[in-house]
Amino acid sequence: MALRVATWNVNSVSTRLERVAAWLESAKPDVVCLQELKVSTDEFPTAAMSELGYESAAHGRGRWNGVAILSRVGLADVVRDLPGQPDYEGVVEPRAISATCGPVRVCSVYVPNGREVGHAHYVYKLRWLHALVGAAAAEAGAGLPFAVLGDYNVAPTDDDVWDPALFVDATHVTPQERAMVEALREVGLSEVMPRALKHAWPFTFWDYRQLAFPKNNGMRIDLVFGNPGFTGAVTDSYVDRNERKGAGASDHAPVVVDLDLES
DNA sequence: ATGGCCTGATCTTCAGGA
């Protein structure tokens with residue numbers, strides 16, 4: 001069966017609801033991982049998603065963070081948080097949710113930003129990524145096609161930032177962060193590399209400031225890592241940069257993955 | 001065509017984003 005899976009950091013699901021709804025209707029994904037909901041679980045627009053044909057499972061706690069999974073091919077075995085997920089200042093933040101959607105299992109993640117190298121939030125980010133590697137290791141061999149999709153807040157290579165010279169000693173590019181992403185490969189996952197709809201490289205994020213989008217000053221930090229059952233079924237993948245255009249856009253664009261699965 | 005920040009709460013000012 002053909003299956004379209006996507007991930008999108010929407011930067012407030014409330015503010016973005018009209019655009020998300022329009023995109024669901026035009027792109028017609030079967031499974032969508034959302035990040036940065038910025039609402040609590042009970043404020044998630046479950047009814048609106050249902051009207052669009054999607055079951056949803058959300059995990060949010062108000063102003064910051066928040067993740068969800070939408071599916072129109074079934075939604076079962078929902079797990080919130082990661083095993084061993086670290087807290088920040090005493091709070092285990094809503095940054096991960098997993099579910100089985102028809103033939104695939106997906107994990108929607110919003111990795112901590114890190115703020116500055118050496119900051120407590122940066123240490124937290126590395127610990128969080130370590131927990132993600134552990135969770136991915138457990139899921140990768142569980143049998144189903146499986147993928148971790150979301151805002152990793154890490155640019156895997158220097159090609160994934162518009163100007164590496166501007167990122168010296170910055171978060172998102174440090175060897176420590178990149179090593180944690182590489183560790184996903186060591187536990188049996190590999191990356192689904194999307195194509196760009198325009199320009200040479202498939203950036204997924206462009207800052208709101210300083211005309212970053214029209215100048216294509218972007219970063220590729222929204223990533224998809226899957227086990228062989230998932231990546232082996234991929235027929236296409238692209239970043240839908242059109243969603244970064246116009247009024248009321250998120251600063252991230254959706255990443256779309258098309259699969260052709262046996263069942 | 002894109003467009004010189006945006007979002008939500010502590011709410012007219014700020015933290016956080018990356």
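Letters A, B, ... mirror the listed sequences (proteins, then strands); counts begin at 1.
With sequence neighbours left out, A/Y152 forms a ring pair (Phe, Tyr, Trp, His ring centres under 6.0 Å) with A/F225. Taking A/D158 as the reference, A/R178 meet the side chain to side chain donor-acceptor pair (under 3.5 Å) condition, with sequence neighbours excluded. The ring pair (Phe, Tyr, Trp, His ring centres under 6.0 Å) test applied to A/W162 returns A/F167, not counting sequence neighbours. Judged as a ring pair (Phe, Tyr, Trp, His ring centres under 6.0 Å), and not counting sequence neighbours, A/Y122 has no contacts. Annotation: ring pair (Phe, Tyr, Trp, His ring centres under 6.0 Å) contacts of A/H130 (sequence neighbours excluded): none.
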Under 3.5 Å, sequence neighbours excluded: what are the donor-acceptor pairs made by side chains of residues 94-101 of chain A?
| from | atom 1 | to | atom 2 | distance (Å) |
| --- | --- | --- | --- | --- |
| A/R95 | NE | A/E93 | OE1 | 2.7 |
| A/R95 | NE | A/Y124 | OH | 3.3 |
| A/R95 | NH1 | A/Y110 | O | 3.0 |
| A/R95 | NH2 | A/N65 | OD1 | 3.0 |
| A/R95 | NH2 | A/E93 | OE1 | 3.2 |
| A/T100 | OG1 | A/R105 | NH1 | 2.8 |

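A donor-acceptor pair shorter than 3.5 Å can be found between the side chains of A/E36 and A/N9.
Residues from residues 197-215 of chain A with heavy atoms under 4.0 angstrom of DNA chain B, sorted by number: A/K198, A/F205, A/Y208, A/R209, A/Q210, A/L211, A/F213, A/P214.
Counting only residues at least two apart or on different chains, the side-chain hydrogen bond (donor to acceptor under 3.5 Å, both in side chains) pairs with a member in residues 184-203 of chain A are A/D160-A/W201, A/E182-A/R185, A/E191-A/R220, A/R195-A/D236.
Residue A/T171 is out of contact with every strand shown, counting any heavy-atom pair closer than 4.0 Å. Among the atoms of the strands shown, only primed sugar atoms or phosphate atoms (P, OP1, OP2) are found under 4.0 Å from some heavy atom of A/R115. Within the nucleic acid shown, A/N65 has no heavy atom closer than 4.0 Å to any nucleic acid atom. Residue A/G114 is classed as having no contact, given no heavy-atom separation below 4.0 Å to the nucleic acid. Among the heavy atoms of the strands, none lies under 4.0 Å from A/Y122.
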Show the distances under 3.5 angstrom between N or O atoms of the protein and N or O atoms of nucleotides 9-13 of chain B.
| from | atom 1 | to | atom 2 | distance (Å) |
| --- | --- | --- | --- | --- |
| B/dT10 | O4 | A/R63 | NH1 | 2.8 |

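To the nearest whole angstrom, the two P atoms, one in B/dC6 and one in B/dT10, are 23 Å apart.
Proximity of A/N153 to the phosphate of B/dA18: a side-chain N or O atom is located under 4.0 Å from OP1 or OP2.
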